[in-house]
Protein chains: 2
Amino acid sequence: MSIIVVGSMAFDDIETPFGKSNRIIGGAGTYIAYAATQFVEEVKQVSVVGYDFPEEELKELSRRGVEMDAVEIVPDQKSFFWAGKYHHDMNTRDTLVTELNVLGDFKPVIPESYQGAEFLMLGNLAPSVQLSVINQLVVRPRLIALDTMNFWMDVALPELEEVISKVDVLLVNDSEARQLSAQYSLVKAARKILSMGPRFLIIKKGEHGALLFHENQVFVAPALPLDEVFDPTGAGDTFAGGFIGYLAKTGDISFENMKKAIIAGSALASFCVEKFGTTRLKEISSFDIQDRVKTFKDLTNYETEL
Amino acid sequence: MSIIVVGSMAFDDIETPFGKSNRIIGGAGTYIAYAATQFVEEVKQVSVVGYDFPEEELKELSRRGVEMDAVEIVPDQKSFFWAGKYHHDMNTRDTLVTELNVLGDFKPVIPESYQGAEFLMLGNLAPSVQLSVINQLVVRPRLIALDTMNFWMDVALPELEEVISKVDVLLVNDSEARQLSAQYSLVKAARKILSMGPRFLIIKKGEHGALLFHENQVFVAPALPLDEVFDPTGAGDTFAGGFIGYLAKTGDISFENMKKAIIAGSALASFCVEKFGTTRLKEISSFDIQDRVKTFKDLTNYETEL
């Protein structure tokens with residue numbers, strides 16, 4: 001089944017305790033596309049880039065099955081650029097530079113060829129942009145998933161609440177879940193957020209794994225204990241891409257299958273952080289992924305009877 | 001099989017965002033004993049209390065199978081007293097008062113009747129006291145587990161390292177594992193700590209669950225997502241008590257069985273935090289525990305094949 005992916009395609013400067021990268025390819029949409037195409041080839045990308053975005057990167061994505069009809073190339077502007085520096089704990093970071101460039105007045109137009117897609121993955125972007133995509137779809141997709149961040153809670157809460165009310169799955173991290181719900185307990189936060197519209201809530205906890213909430217059910221997914229997180233940039237987007245990609249591959253949007261989709265997303269995210277940017281996502285094979293998925297299973301496996 | 005439990009028995013004043021408790025029964029040894037006796041009746045307690053420690057509490061522990069031959073009652077001194085206040089996140093706390101009292105010159109004497117115990121659980125105490133217990137045992141127990149805290153890393157590191165080198169299982173939380181190993185990555189921290197003596201390392205992460213490391217193997221145990229943590233005091237001790245109690249019940253100290261022991265400890269700890277002090281541990285039945293263990297299984301359960 002096909003997925004519309006909406007998200008930024010950008011340049012990143014990243015500094016971690018392990019090194020620096022200089023203007024590498026990044027952006028939520030890029031990571032989501034590289035992750036989702038590990039499971040499905042029908043990815044319909046919605047994004048905007050400037051004249052400086054490398055053509056070979058667009059070709060590489062096309063080669064992997066990503067449709068580019070709605071990736072606007074603005075001839076007289078630069079691509080979105082972000083520079084950040086991670087602290088030693090790799091969980092917190094400082095944003096050093098944000099240059100919106102082409103993203104400043106991004107108004108996505110959904111082409112006729114994208115209509116009828118079964119899945120919609122709204123990567124982290126202005127809620128008004130995410131909303132405009134939903135409103136342009138003639139038939140509502142079977143499943144709409146939305147990723148967002150605390151920034152939009154600070155500057156555009158009413159729009160964010162509106163778009164959240166229209167989606168099936170919301171993905172946020174633990175501090176964002178707390179901010180959005182004004183509840184410290186994640187169980188209470190989940191209950192509040194599920195009352196705002198989404199039927200499913202995924203709370204990403206980085207090195208502590210992820211939680212999936214649906215009605216009165218909870219699933220706890222582990223994170224792979226890693227020797228070293230080399231670069232956490234894009235891990236959340238990669239998780240989202242693996243999650244939606246697995247759902248689209250299987251066509252099954254039950255709670256049981258979402259658990260497996262979360263493991264798929266977690267496995268891809270665990271690769272993503274091993275090298276700078278999208279490097280690792282481009283290298284891995286389906287064999288690597290199956291192997292990692294087995295490692296995830298072994299992590300939490302124990303005999304049932306105590 | 002029988003367990004020697006070494007740990008404080010004390011009074012606590014606890015303040016949480018949900019309320020205050022006034023001089024309730026606490027102490028690592030108390031929590032460990034209440035937890036371990038959920039699985040075995042042969043618990044041989046080593047502790048010290050003052051004239052003020054309630055006789056009915058000692059009787060209640062005896063009723064549950066706890067031998068009191070090495071619980072010294074000092075007639076002219078008060079019991080150990082600790083007062084603390086939890087922050088809103090329930091993960092951090094300020095110590096308001098520490099009165100060592102009888103614990104100040106606690107020199108445990110292991111009676112003849114305790115010799116030959118198969119398991120030894122050293123609760124958080126001065127490393128020199130923990131070491132003196134090991135040295136008094138004529139036959140080394142099959143398994144020695146040790147719980148400690150950052151305080152001893154600050155003030156008694158050489159003694160702590162000595163006692164750590166003599167145990168089979170070390171239990172610490174994530175920040176303590178990082179402090180002890182001078183490694184930020186928990187995988188690297190575990191490798192370093194396992195080279196210091198213990199064959200097994202358990203890293204407790206509170207609301208994020210626990211990790212078990214052994215050789216090149218890892219097990220990730222979830223924590224139960226809770227509506228509210230009412231009082232986290234004693235959760236780590238309860239975890240330790242449930243862990244060692246389950247191992248003693250089954251007599252199996254394999255890595256596979258330790259996973260199950262960690263689930264047993266996690267289940268008991270999830271009860272402990274529901275009410276102040278040891279209240280909840282005194283109420284629960286083996287049926288409640290079985291039910292909670294099933295909940296833990298369901299939390300992480302998903303179909304194997306992706």
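At a 4.5 Å heavy-atom cutoff, A:Ala221 makes no contact with chain B through either its backbone or its side chain. Contacts of A:Gln217 with chain B are absent, with no heavy-atom separation under 4.5 Å from either backbone or side chain. For chain A, the nearby parts of B:Glu207 are the backbone and the side chain; heavy atoms of each come within less than 4.5 Å. With a 4.5 Å cut-off on non-hydrogen atoms, A:Leu299 touches chain B through its backbone and its side chain both. Residue contact with chain A, scored on non-hydrogen atoms closer than 4.5 Å, involves the side chain of B:Lys205 exclusively. If you measure heavy-atom distances from A:Phe296 to chain B, the contacts under 4.5 Å come from both the backbone and the side chain.
When the salt bridge (charged side-chain N to carboxylate O under 4.0 Å, His left out) test is applied to A:Arg93, no partner is found at least two apart in sequence or on another chain. Under the rule for a ring pair (Phe, Tyr, Trp, His ring centres under 6.0 Å), the partners of A:Phe200 that lie at least two apart in sequence or sit in another chain are A:His214.
Within 6.0 Å of NZ on B:Lys282 lie more than 12 heavy atoms contributed by other residues, nucleotides or ligands. Environment of CG in B:Asp94: crowded, with over 12 heavy atoms of neighbouring residues, nucleotides or ligands closer than 6.0 Å. For A:Asn216, the CG atom counts as loosely surrounded, since its 6.0 Å shell holds 12 or fewer non-hydrogen atoms of other residues, nucleotides or ligands. Other residues, nucleotides and ligands place no more than 12 heavy atoms under 6.0 Å from the NZ atom of A:Lys85.
Put simply, of B:Val229, B:Val218, B:Asp227, B:Thr300, the one with the most heavy-atom pairs under 4.5 Å next to chain A is B:Asp227. Across A:Glu256, A:Lys188, A:Gln183, the residue that shares the most heavy-atom pairs under 4.5 angstrom with chain B is A:Lys188.
Contact detail for B:Tyr302 and A:Ile263: the closest heavy-atom pair is CZ-CG1, 3.5 Å.
Classified by interplanar angle (parallel below 30°, tilted 30° to 60°, perpendicular above 60°), the ring pair A:His208/B:His208 is parallel.
In this structure, the side chains of B:Glu303 and A:Lys259 stay at 4.5 Å or more apart for every pair of heavy atoms. In this structure, the side chains of B:Pro225 and A:Val220 come closer than 4.5 Å at one or more pairs of heavy atoms.
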